[in-house]
There are 2 protein chains.
Amino acid sequence: MASSLLTRQLAISLQQNLRLAAPGSRYVSKTATKTVSEFEYDAPSMKTAVPGPKSQCIIIKLLNNVGAVHFFCNYEESRGNYLVDVDGNRMLDVYTQISSIPIGDKSFLCESFSQSAFVNRPALGILPPENFPDKLFESLLSIAPSGMSRVQTMACGSCSNENAFKSMFIWYRNKERGYASPSEQEVGTCMINQSPGCPDLSILSFMGAFHGRTMGCLAATHSKAIHKLDIPSFDWPIAPFPKLQYPLEEFVRENAQEEARCLEEVEDLIVKWRQKGRPVAGIVIEPIQAEGGDNHASPDFFSKLRNIARKHGCAFHVDEVQTGGGTTGKFWAHEHWGLDDPADVVSFSKKLLTGGYYHRDELQPDKPYRIFNTWMGDPSKNLFLLEVLNVIRRENLLEEVTRSGKALLQGLYALQTQYPHILSRARGQGTFCAIDACNDATRDSIMLKARNKGLFMGSCGEKTIRFRPALVFKEYHVHQLLNILNDILAEHK
Amino acid sequence: MASSLLTRQLAISLQQNLRLAAPGSRYVSKTATKTVSEFEYDAPSMKTAVPGPKSQCIIIKLLNNVGAVHFFCNYEESRGNYLVDVDGNRMLDVYTQISSIPIGDKSFLCESFSQSAFVNRPALGILPPENFPDKLFESLLSIAPSGMSRVQTMACGSCSNENAFKSMFIWYRNKERGYASPSEQEVGTCMINQSPGCPDLSILSFMGAFHGRTMGCLAATHSKAIHKLDIPSFDWPIAPFPKLQYPLEEFVRENAQEEARCLEEVEDLIVKWRQKGRPVAGIVIEPIQAEGGDNHASPDFFSKLRNIARKHGCAFHVDEVQTGGGTTGKFWAHEHWGLDDPADVVSFSKKLLTGGYYHRDELQPDKPYRIFNTWMGDPSKNLFLLEVLNVIRRENLLEEVTRSGKALLQGLYALQTQYPHILSRARGQGTFCAIDACNDATRDSIMLKARNKGLFMGSCGEKTIRFRPALVFKEYHVHQLLNILNDILAEHK
């Protein structure tokens with residue numbers, strides 16, 4: 001039987017790859033003991049109507065469900081062409097996770113250890129595994145920002161922001177039409193990209209912002225020309241982000257004026273774009289502009305910006321793709337603002353291992369398939385995140401970050417005092433720190449020399465060095481870093 | 001030492017989760033034998049300048065490299081805060097895969113089996129693992145469509161199409177400016193979303209098409225209003241996709257006329273949009289429109305369309321996200337057209353387990369960071385794909401698909417002959433088959449009844465049932481499917 005060979009060899013080769021693979025190594029086949037008849041079933045076998053009682057019970061836990069989920073699946077029991085649901089119904093599957101499964105369900109690989117979450121990637125929006133709601137509660141929802149009990153997972157940061165934008169547009173238009181059904185004209189025109197179905201709405205973003213590189217995100221990104229050149233974009237308003245002067249304590253008045261100027265411009269733009277017929281549905285901002293040069297603003301600035309958004313009926317989207325996950329000393333950088341009601345949408349990716357966004361209840365789409373795609377994230381990433389969160393809590397890593405971050409920033413202050421012709425504007429929150437070189441050539445030279453001495457750093461903005469260590473970065477590592485930097489600066493001509 | 005606990009418990013809990021996890025189960029801690037000192041290093045340790053000779057040697061293999069890759073990494077040897085490269089250089093890492101690693105490199109988890117590819121997710125565009133070029137050659141590049149030797153991986157189908165669109169825009173503008181550097185005006189205007197830096201270019205798509213749900217892809221998608229309603233879009237041209245009449249052999253002349261009408265409209269739109277000042281940089285099409293209702297066209301139609309694209313200087317992008325991976329009986333559906341030069345870009349996702357797109361050499365961006373994001377795919381998916389491809393080849397699964405597909409289509413023909421008041425337009429290639437019901441209510445009712453009898457199918461278009469089995473779908477399964485469908489139709493009032 002041809003398929004016995006198939007199953008056997010795949011099982012062996014994958015297990016070997018997972019257990020023994022060294023880089024570039026290939027598996028070696030061994031005699032197998034299993035045949036396909038031990039893996040695949042003979043026929044469908046139904047115990048209940050579908051969705052069965054167990055599926056219906058689990059679905060209640062899935063706060064984000066708006067009708068797309070068919071039933072919950074038992075991927076451990078699913079084999080070959082047969083999909084098994086949590087009620088024990090076994091179905092011949094000719095839809096295969098929206099056509100995304102090449103050679104059938106692969107749970108037969110999971111005999112001695114459960115690789116099911118890794119080899120069987122479900123279409124989460126319609127056929128989630130049984131433990132999906134529980135794992136969401138234990139992982140992403142256990143660290144939900146203030147005011148948010150809903151989360152939508154996505155594959156990467158750009159997809160997270162794209163879908164966050166879409167949920168703000170949908171929310172805004174539903175408000176505008178008084179939560180009535182869309183008109184025939186809207187339904188018709190949207191199919192051909194025309195308004196009113198595809199409305200002339202906008203997202204207000206900030207100069208220096210980075211929100212991703214897909215076409216919606218890119219229209220809100222303004223950090224470097226190389227990201228945007230030659231790509232068509234939207235006519236959306238762009239506000240100035242405060243350019244603070246350092247050291248902060250010497251420029252209190254100037255910086256307050258600068259922030260007030262930027263906020264005034266935000267309100268002007270909202271009014272202007274409304275008059276233009278392209279109302280602002282949402283404002284998107286990073287708590288610290290990273291790619292744009294590690295630009296900070298005060299909690300007062302963000303608090304007032306949040307109020308402006310509310311006043312003008314715009315959703316307020318805080319993009320924590322780079323700042324989220326504990327590196328500022330709090331799990332979310334916007335928690336440093338001290339507001340009870342800081343955001344309507346908070347997006348994440350990177351350190352959270354999966355992309356996605358949290359949102360208020362009212363940002364939930366009103367119908368299934370409005371926010372949707374085949375995979376909608378990857379549940380194996382949620383499993384890893386769960387373990388990572390356990391470690392962060394058990395080890396009080398956020399306190400560790402605060403401690404290391406303080407040492408790092410103090411060290412950077414000392415270096416810029418010692419080398420004022422080379423370094424300036426040391427700044428940071430937690431270990432999310434940065435310092436400017438006098439120009440880009442000097443910055444690049446310092447970074448290359450550091451790399452050859454065993455210190456790997458990042459750059460951002462025009463002449464900034466950014467520090468983005470992991471949460472296990474201790475004071476001990478801070479001193480290694482400072483020693484290497486000091487050596488290079490001492491040699492610097 | 002706090003961090004010994006960290007490492008130990010993470011190692012135990014993750015291994016337990018991977019090996020023993022049942023849905024909803026939680027790990028139980030055990031006494032650990034390792035401390036962090038056995039995992040993390042004491043300090044940086046440098047053997048060569050970076051990138052070292054080994055990195056420089058491997059980089060030659062990476063055909064897509066345009067300068068972003070820093071060096072190649074040995075993730076098996078990387079530990080905690082220390083990143084180890086393939087030349088054995090050990091660096092203190094304060095950039096952490098563009099800030100995407102929460103608790104340091106996790107290779108210490110990989111003692112008894114190599115989970116490195118799963119727990120350490122690198123920023124592939126700048127710090128790929130050593131085996132990345134080899135694995136690309138063995139997996140994705142071993143099945144590259146005709147004329148294409150380059151592939152760019154991405155996290156999902158939408159990101160693949162978004163970046164394919166971007167590469168076509170960049171290619172088109174580089175051609176327009178004679179491969180000269182962009183002007184100061186272009187560099188300046190692109191930062192604020194204005195032309196000429198963000199040019200008024202367009203992508204021509206087809207009515208009924210589905211290319212994804214991020215804002216660029218969505219502007220080329222025209223399958224269902226629910227996907228597009230309330231989302232701002234671009235003024236891009238939309239051509240009619242042929243509406244063929246079935247059975248094909250009875251409507252040869254009518255169908256040829258219909259295809260000619262659509263092609264004429266394509267040329268008219270290209271001219272019209274050029275005159276409008278929004279030239280068409282690329283044409284995107286699915287070999288079979290899936291979400292839009294499983295709409296087919298003839299090889300002659302695609303051949304002529306490809307010629308129109310060439311004649312007008314537009315890139316030709318074949319979206320194989322749903323059709324790729326073998327389900328039509330060939331690895332790529334567009335191989336059925338029999339052309340030597342079928343496409344400039346071919347995108348994929350779903351059955352390929354990773355998203356991405358192939359492209360001709362000339363579609364390679366001229367500078368680093370033009371096509372880029374943090375993860376750029378996921379190398380663990382490439383490892384799975386490699387094993388899946390081995391099975392497909394060893395078991396001649398494409399022949400199997402052709403055989404099962406023939407049986408399935410014959411069966412559907414028989415059913416529509418028997419139940420002409422309910423079913424019509426049976427069609428398909430390989431097992432990528434579909435049949436229409438008389439209306440959407442009947443379609444939905446048949447699908448629900450089938451599910452309760454153990455047959456799980458998909459829907460598309462207005463009243464179509466789509467069949468998307470895995471490549472291990474045999475004639476035996478075809479008969480199960482037809483028996484269940486027949487029972488339902490016999491009972492149908």
Side-chain angles (χ1 to χ4, degrees), chain A residues 6 10 13-14 19 21 23-24 44 46 49-50 81 91-96 99-104 113-114 130-131 155-156 162 169-170 173 187 190 193 198 201 214-216 225-226 228-230 233 322 350-351 369 387-388 391 395 451-452 454-456 458 467-472 477, chain B residues 6 10 13-14 19 21 23-24 44 46 49-50 81 91-96 99-104 113-114 130-131 155-156 162 169-170 173 187 190 193 198 214-216 225-226 228-230 232-233 322 350-351 369 387-388 391 395 451-452 454-456 458 467-472 477:
Chain A
L6 172 170
L10 178 64
S13 63
L14 251 177
R19 291 178 179 201
M46 302 304 289
V50 178
N81 290 283
M91 288 162 262
L92 181 65
D93 181 12
V94 292
Y95 195 38
T96 58
S99 199
S100 72
I101 301 291
I103 53 169
F113 62 100
S114 176
E130 176 173 8
N131 66 356
C156 70
E162 288 274 337
F169 289 131
I170 292 169
R173 283 294 296 141
V187 171
C190 81
N193 298 11
C198 293
L201 295 176
T214 46
M215 292 184 74
I226 194 75
K228 292 177 66 76
L229 184 71
D230 297 342
S233 196
Q322 184 146 172
K350 291 187 180 261
K351 282 194 176 56
Y369 300 106
E387 298 310 322
V388 164
V391 171
E395 300 301 318
R451 198 166 78 177
N452 285 332
L455 170 62
F456 187 59
F467 303 98
R468 296 290 179 275
L471 305 183
V472 293
H477 302 106
Chain B
L6 170 170
L10 179 63
S13 61
L14 251 176
R19 291 176 179 205
M46 302 304 288
V50 177
N81 290 283
M91 288 162 262
L92 181 65
D93 181 12
V94 293
Y95 196 37
T96 57
S99 199
S100 71
I101 301 289
I103 53 171
F113 61 99
S114 175
E130 177 173 6
N131 66 355
C156 69
E162 288 274 336
F169 289 131
I170 291 169
R173 283 294 296 141
V187 171
C190 80
N193 299 12
C198 293
T214 47
M215 290 184 75
I226 194 76
K228 291 177 67 76
L229 184 71
D230 297 341
S233 196
Q322 184 146 172
K350 292 188 179 258
K351 283 194 177 54
Y369 299 106
E387 297 311 322
V388 165
V391 171
E395 300 301 317
R451 198 166 79 178
N452 286 333
L455 169 63
F456 187 58
F467 303 97
R468 296 291 179 273
L471 305 183
V472 293
H477 302 106

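Owing to the predicted nature of the structure, the values given are computational and were not obtained by experimental measurement. The figures that follow rest on heavy atoms only: side chains count, while hydrogens, waters and symmetry mates do not.
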Highest number of heavy-atom pairs under 4.5 Å with chain B: which of A/A155, A/C156, A/C198?
A/C198
Taking every non-hydrogen atom, the tightest pair across A/L229 and B/I170:
O-CG1, 4.4 Å
Taking atom OG of B/S99 and atom CD of A/Q322, what is their separation to the nearest 0.5 Å?
4.5 Å
Given B/F169, B/Y95, B/F467, the one with more heavy-atom pairs under 4.5 angstrom with chain A than any other is B/Y95
Which one, B/N452, B/T214, B/N193, leads in non-hydrogen pairs under 4.5 Å with chain A?
B/N193
What's the shortest heavy-atom distance between A/V94 and B/L455, and which atoms?
CG2-CD1, 4.0 Å
Could you tell me which non-hydrogen atom of A/A470 sits nearest to which non-hydrogen atom of B/T96, and how far apart they are?
N-CG2, 3.4 Å
Nearest non-hydrogen partners of A/R451 and B/M46, listed with the distance
O-CE, 3.2 Å
Between CZ of B/R173 and CG of A/D230, what distance do you get to the nearest 0.5 Å?
5.5 Å
